[in-house]
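The block underneath contains the structure these notes are about, expressed in structure tokens.
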Amino acid sequence: MLEKLNASRIEGADLYDWDELVQEDRVHRLIYTDPAIFAAEMTNIFGAVWVYLGHESQIPANDDYITVRLGLRPIILLRDSQGKIRALFNRCAHRGTTLCRKDKGSARIFTCPYHGWSYLNTGKLRAVPWPDGYACDFNDAKYNVAQVPRVDSYRGFIFATLNPDAPSLIDYLGAITKPIDEWLDRQPKGQIRVCEANRLKYKGNWKLAYDNSGDGYHVVFSHRSLLEMENRQADVANKGMSYYKGSPDTAPMYIAYMGNGHHFKDKRPNIQKRAGGLWAVEGPAPGSEHYAEALRRRFGAKAEEILDLASSEPVNINVFPNFSLLGNHIQVFEPISVDETNVTWYGTAVVDEDDALRGAVDEVNALRMRTQEQFPNFGEVDDLANFEEIQRGLACQEDEWIYMHRGLGIPGRVKTDENGIITAPATDEVFMREYIKEWKRLMKATPKLVVQREP
């Protein structure tokens, strides 16, 4: 049974002229500061499109679960006792109490701590204490835990939507599947395992992080201290993101807008195409040189390919509205309020079931963990500080506009191919202009969201 949700728009949000708030070269400050717009986004964006929830490796066995969010909705993402992946609302059907209060675990049954109602991990009501005190029929599906009706995964990445009219996940991802495939296929058999996370928070709107996710304009200014740290030794110049120095507009890297709000910044053309090319620009982490030397002694020239696998992949793959693949990391944006956002960076490990790395997988994964000492540990704090300062600046009510017109109107700078993919220099703001058009289209819509109550 699917249960229709109240999809009426937040009172006041319909009063906005969205075409006035989002123009060709600028957006109005209200889209970042207005609580009514934020509330409408939780329906029109975080309810109506495919939103990233987690990775299959986080729930590897039957009965495993993690707790996540779908917009503001608390969710138990789990693999039930029959192996089906489900996204249950983390809410007792009785009085609304949070059902599961742990971040992760394994459970066949969830019991409400308030009144003891218990549920199978399919969402079905299992038992009610002293049921003789009720005159109702507990076989009615309305007493089961509500769950997201559409849950799907692409190569291990799990997404969900409450919108029965949304396209299939594969159609929603569209062209962005190509860089996702390339990101995965560097690993043996294209497999990764998600590790523990760096969990950060900033006082600002969630879209500020997505605005920044493809921005190549800010790097040499905002991340100056990171660049200096990576290149502080004279014999290791041009480490990390040094390719942003000089003339990044004319560098071979580029930004590509790929439809449905998704975009992709490809910095790989800056890297010399040879075994060891990625490792050669990896920022230094004290002690990592000993791993590299040991691998070279053990594998000779083959070690360079192994070290490349330990290095950060120089891409920003951004799936609207809340998911990015950056380097070796999965970044997830989680809106909390109009001016508060969680940003979580999950490390990833190589899975080498067939021993393609000839026993070196532990060394590779140890080095991958050390790459976090550049991003997010050293670099992300720069970005979060910027987001908070932007949010603070947007309190100037009379200064209404935010501009996003870099590259606009320059002949030949922005190109569209036969598949509709738009490309430009990595420092252009075309990705922001295009994704915000999709945001505007979604905000104009009136989606009919549903939940499912029958397992």
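Just so you know, residue 1 is the first one in the sequence shown, and it goes up from there. Values reported hereafter were calculated over all heavy atoms of this structure, with side chains retained and with hydrogens, waters and symmetry mates removed.
Counting only N and O atoms by type, the side chains of Gln372 and Asn198 include a donor and acceptor under 3.5 Å apart. Checked by atom type, the side-chain pair Asn386/Ser222 shows a donor-acceptor distance below 3.5 Å. In summary, the side chains of Ser153 and Glu56 do present a donor paired with an acceptor at a separation below 3.5 Å, with no hydrogens or angles considered. When only modelled atom types and interatomic distance are considered, Asp339 and Ser337 share a side-chain donor-acceptor pair under 3.5 Å. Side-chain atoms of Ser324 and Asn318 form a donor-acceptor pair, as typed in the model, at a separation below 3.5 Å. In this model, a donor atom of one side chain and an acceptor atom of the other lie less than 3.5 Å apart for Tyr16 and Asp34. Remark: the Tyr154 side chain and the Asp181 side chain contain an N/O donor-acceptor pair separated by less than 3.5 Å. In this model, no donor atom of one side chain and acceptor atom of the other lie less than 3.5 Å apart for Arg91 and Thr98. Between the side chains of Asp171 and Ser168, a donor-acceptor pair is found at a separation under 3.5 Å. Using a 3.5 Å distance cut-off with no hydrogens or angles, the side chains of Gln23 and Trp401 do not pair a donor with an acceptor. In the model, Asp63 has a side-chain atom that pairs as donor or acceptor with a side-chain atom of Asn121 under 3.5 Å.
For the pair Asn144 (side chain) and Leu125 (backbone), a donor-acceptor distance under 3.5 Å is present. With hydrogens and angles ignored, the 3.5 Å screen pairs no side-chain donor or acceptor of Arg441 with any backbone N or O of Asn260.
A side chain to side chain contact (heavy atoms under 4.5 Å, CB included) with Asp266 is found for exactly one of Thr423, Asn316, Val315, namely Val315. Partner Glu334 forms a side chain to side chain donor-acceptor pair (under 3.5 Å) with one of Asn322, Asn342, Thr344 and no other, that one being Asn342. Here the options are Trp50, Phe46, Tyr172, Phe323, the test is ring pair (Phe, Tyr, Trp, His ring centres under 6.0 Å), and the partner is Phe159; only Phe323 passes.
Atoms CD1 and CD1, on Ile85 and Ile59 in that order, are 4.5 Å from each other to the nearest 0.5 Å. Rounding to the nearest 0.5 angstrom, the gap separating the CD1 atom in Ile170 from the CG atom in Asp152 is 8.5 Å. One distance of note links CG of Leu200 with CG of Leu384; it measures 5.5 Å at 0.5 Å rounding. Separation of atoms CD1 (Ile45) and CG (Leu442) is listed at 4.5 Å; rounding is to 0.5 Å. Expressed to the nearest 0.5 Å, how far CG of Asp428 lies from CG of Leu408 amounts to 9.5 Å. Put simply, CD on Gln147 and CZ on Arg453 are 9.5 Å apart, with the number rounded to the nearest 0.5 Å.
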Check the pair Asp19, Lys444 against salt bridge (Lys or Arg N to Asp or Glu O under 4.0 Å), reporting the backbone distance first and the verdict last. CA-CA 10 Å; Asp19 293 322; Lys444 287 181 174 182; 2.9 Å; yes
For salt bridge (Lys or Arg N to Asp or Glu O under 4.0 Å), just list the numbers for Glu182 and Arg268, CA-CA rounded to whole Å, side-chain angles, deciding distance to a tenth of an Å, and then say yes or no. CA-CA 11 Å; Glu182 292 170 347; Arg268 295 172 301 180; 3.1 Å; yes
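Side-chain contact between Thr161 and Val148 is absent, with no heavy atoms from C-beta onward closer than 4.5 Å.
Separation of the Tyr435 and Tyr210 ring centroids falls under the 6.0 Å cut-off. Ring centroids of Phe320 and His262 are separated by 6.0 Å or more, keeping the two rings apart.
Aromatic ring pairs are classed by plane angle as parallel below 30°, tilted from 30° to 60° and perpendicular above 60°; the pair His218 and His223 is perpendicular. Ring geometry for Tyr119 versus Trp117: interplanar angle of 30 to 60°, hence tilted.
Partners of Lys203 according to the salt bridge (charged side-chain N to carboxylate O under 4.0 Å, His left out) rule, which considers only residues two or more places apart in sequence or in another chain, are Glu340.
Both tests do not hold together for Arg79 against Tyr65: distance to the six-membered ring centre under 6.0 Å, angle to the ring axis within 45°. A cation-pi geometry, defined here as NZ or CZ lying under 6.0 Å from the six-membered ring centre and within 45° of its normal, holds between Lys207 and Tyr32.
Within 6.0 Å of the OH atom in Tyr403, the count of heavy atoms belonging to other residues, nucleotides or ligands exceeds 12.
For the residue pair Glu373 and Asn377, the shortest heavy atom distance occurs at CA-CB, 4.1 Å. Taking all atoms of both residues into account, the shortest heavy-atom contact from Pro164 to Arg150 is O-NH1, 3.5 Å.
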